[in-house]
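Data first, discussion second: the structure below is written as structure tokens.
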Amino acid sequence: MRENLTRWFYQAMGFQNGLARTLRIESISKATKLNKTEPKEESKPADQMDISTDVKYTSWLKVHPSALSSFEEMMDAAKGKWVVVFLDYDGTLSPIVNDPERAFMSDMMRSAVGDVAKLYPTAIISGRSRQKVYGFVKLDDVFYAGSHGMDIMGPAIQASCYDGKYQSKALDQKGNELTVFQPAQDFLPSIEKMLNELEETTSEINGALVEDNRFCISVHYRHVLQEDLGLLEKKVQTLVAKYPGFHLTRGKKVIEIRPSIKWNKGDALVYLLETLGFTNSSDVLPIYIGDDKTDEDAFKVLKCRGQGYPIIVSSNPRDTLASYSLRDPSEVLSFLIRLARWGEVSAV
């Protein structure tokens with residue numbers, strides 16, 4: 001019965017049948033290390049730092065065990081449940097790079113995500129604009145949520161408990177009907193004004209990059225000199241003070257300007273689960289993989305629901321609500337390949 005339901009669901013969504021077997025795992029280069037402010041204290045020898053870091057990471061892994069070494073245990077609990085997969089993009093499906101416009105995912109990663117999406121409903125939730133993420137991923141069997149979930153292209157079913165004003169019908173690249181949900185539509189005129197002002201006011205600061213992410217604005221400072229960071233931050237704060245409907249958040253070497261509405265990646269996850277028909281289902285098992293602070297909102301939702309697996313991507317110990325961990329995008333790739341193979345075997 002479940003197999004028939006699964007086949008019907010994917011035929012209705014226009015998904016392709018079958019799963020491409022991937023027998024070779026290609027390594028992905030680890031994320032480029034971020035620029036760090038020089039410590040005030042004199043640095044320890046490299047071997048001492050490595051030992052200290054390894055000890056802390058090993059201790060951290062006891063609380064947030066590897067999703068690879070725990071895979072069988074995790075999937076035992078998934079038997080008989082509907083698996084739904086949520087993925088961040090930067091730092092999860094692609095390495096963190098110096099130029100945000102070149103955050104390309106590998107062909108192996110694209111293949112793995114595509115294989116997973118043929119078996120389970122899969123969504124990518126990113127701080128990037130939805131169109132930009134689609135341009136990187138280039139998969140039609142995936143749902144996309146850009147601008148930290150403020151721009152969602154999801155299942156055709158409209159969610160009854162959300163304002164219909166912000167929901168509209170659209171067609172994907174294959175002509176399948178989907179629903180676009182944009183709860184921050186009213187902020188677009190102000191965002192356009194801020195973009196123009198920011199580009200002008202930050203043009204004198206070398207290395208500053210303003211990125212239009214549709215419903216939020218990202219100001220990247222990865223290439224800004226340390227002595228110019230204070231000036232850049234002041235300029236951004238001064239601008240945002242003129243627009244009371246917005247606030248600042250921070251990511252990896254980036255300041256983000258976002259509309260002050262109660263909406264984040266966790267809300268996007270809930271919205272997508274509802275439109276997929278899993279609002280109050282006890283048979284759903286969501287898996288969310290992400291590396292950013294903004295992904296903690298989604299981790300919190302899964303913790304509160306008492307369902308699924310929040311998985312943090314990090315090679316360093318850090319505070320997180322995630323239950324499991326993966327070191328870097330190469331381990332994400334390995335996990336997705338195993339998840340696809342598990343799903344194929346389970347469907348037989």
Side-chain angles (χ1 to χ4, degrees), residues 6-17 82 84-90 93 103 105 110 113-114 116-192 195 211-218 258-259 261-279 284 286 288 290 294 297-298:
T6 302
R7 185 179 296 109
W8 173 87
F9 175 81
Y10 285 102
Q11 288 175 346
M13 293 302 298
F15 288 0
Q16 300 175 1
N17 290 323
W82 296 95
V84 183
V85 179
F86 299 92
L87 303 163
D88 182 27
Y89 184 75
D90 292 277
L93 299 181
M105 68 191 302
R110 183 174 295 104
V113 174
V116 167
K118 291 169 188 171
L119 288 167
Y120 321 105
T122 301
I124 296 176
I125 305 179
S126 172
R128 303 267 199 152
S129 71
R130 174 166 55 83
Q131 291 82 359
K132 193 169 292 184
V133 176
Y134 177 80
F136 282 132
V137 179
K138 301 176 182 176
L139 292 173
D140 294 324
D141 296 344
V142 173
F143 301 123
Y144 293 90
S147 305
H148 298 291
M150 288 182 282
D151 186 7
I152 302 174
M153 181 172 277
I157 301 172
Q158 290 194 350
S160 58
C161 62
Y162 295 92
D163 194 336
K165 170 185 175 182
Y166 302 119
Q167 298 183 82
S168 61
K169 295 294 184 181
L171 298 178
D172 66 9
Q173 299 294 323
K174 293 182 177 179
N176 300 311
E177 187 177 85
L178 299 172
T179 295
V180 176
F181 181 57
Q182 298 174 329
Q185 278 182 11
D186 298 338
F187 293 86
L188 280 177
S190 295
I191 291 173
E192 291 176 4
L195 267 171
E211 182 180 13
D212 178 4
N213 283 316
R214 182 63 170 159
F215 291 97
C216 59
I217 301 171
S218 299
R258 297 166 62 177
I261 62 172
K262 193 203 173 298
W263 196 265
N264 53 45
K265 289 185 176 182
D267 297 299
L269 182 153
V270 172
Y271 174 87
L272 285 165
L273 284 177
E274 178 171 343
T275 54
L276 285 166
F278 298 122
T279 305
V284 64
Y288 190 108
T294 58
D297 293 318

Looking at every non-hydrogen atom in both residues, tell me the closest pair between [X] and [Y] and how far apart they are.
X      : Y      : value
Ile261 : Pro183 : CD1-O, 4.0 Å
Ala117 : Val142 : CB-CG2, 3.9 Å
Ser126 : Asp90  : OG-OD2, 4.3 Å
Met105 : Val113 : CE-CG2, 4.2 Å
Lys118 : Asp141 : CG-OD2, 4.3 Å
Cys216 : His148 : SG-CD2, 3.9 Å

Checklist entry - Among side-chain atoms of Asp140 and Tyr134, is any donor-acceptor pair under 3.5 angstrom? => result yes

Set of side chain to side chain donor-acceptor pair (under 3.5 Å) partners for [X], sequence neighbours left out:
X      : answer
Asp151 : Arg130, Gln182
Ser129 : none
Tyr144 : none

Checklist entry - Would you call the rings of Tyr271 and Trp263 parallel, tilted or perpendicular if under 30° counts as parallel and over 60° as perpendicular? => result perpendicular

Pairwise distance [atom1]([X]) to [atom2]([Y]) - rounded to 0.5 angstrom:
X      : Y      : atom1 : atom2 : result
Glu211 : Ile217 : CD    : CD1   : 11.0 Å
Thr122 : Phe143 : OG1   : CZ    : 8.5 Å
Glu192 : Asp212 : CD    : CG    : 8.0 Å
Thr275 : Phe181 : OG1   : CZ    : 10.0 Å
Arg214 : Leu188 : CZ    : CG    : 4.5 Å
Leu87  : Ile125 : CG    : CD1   : 9.0 Å

Item to check | Expected output: side-chain Arg110 to main-chain Val137 donor-acceptor under 3.5 Å | outcome: yes

Item to check | Evaluation steps, side-chain contact (heavy atoms from CB on, under 4.5 Å), between Val180 and Gln167 | outcome: CA-CA 6 Å; Val180 176; Gln167 298 183 82; over 6 Å; no

Checklist entry - Among all residues two or more places apart in sequence or in another chain, which pass the salt bridge (Lys or Arg N to Asp or Glu O under 4.0 Å) test with Asp186? => result Lys165

The criterion is side-chain contact (heavy atoms from CB on, under 4.5 Å); which residues satisfy it with [X], sequence neighbours excluded?
X      : result
Ser190 : Tyr243, Phe246
Asn264 : Arg258, Asp267, Asp297
Val284 : Val84, Leu273, Phe278, Ser281, Pro286, Arg305, Gln307

Item to check | Tyr89: partners by ring-ring contact (aromatic ring centres under 6.0 Å, His included), with sequence neighbours left out | outcome: Phe136

Item to check | Trace of the side-chain contact (heavy atoms from CB on, under 4.5 Å) decision for Lys265 with Tyr288 | outcome: CA-CA 10 Å; Lys265 289 185 176 182; Tyr288 190 108; 3.3 Å; yes

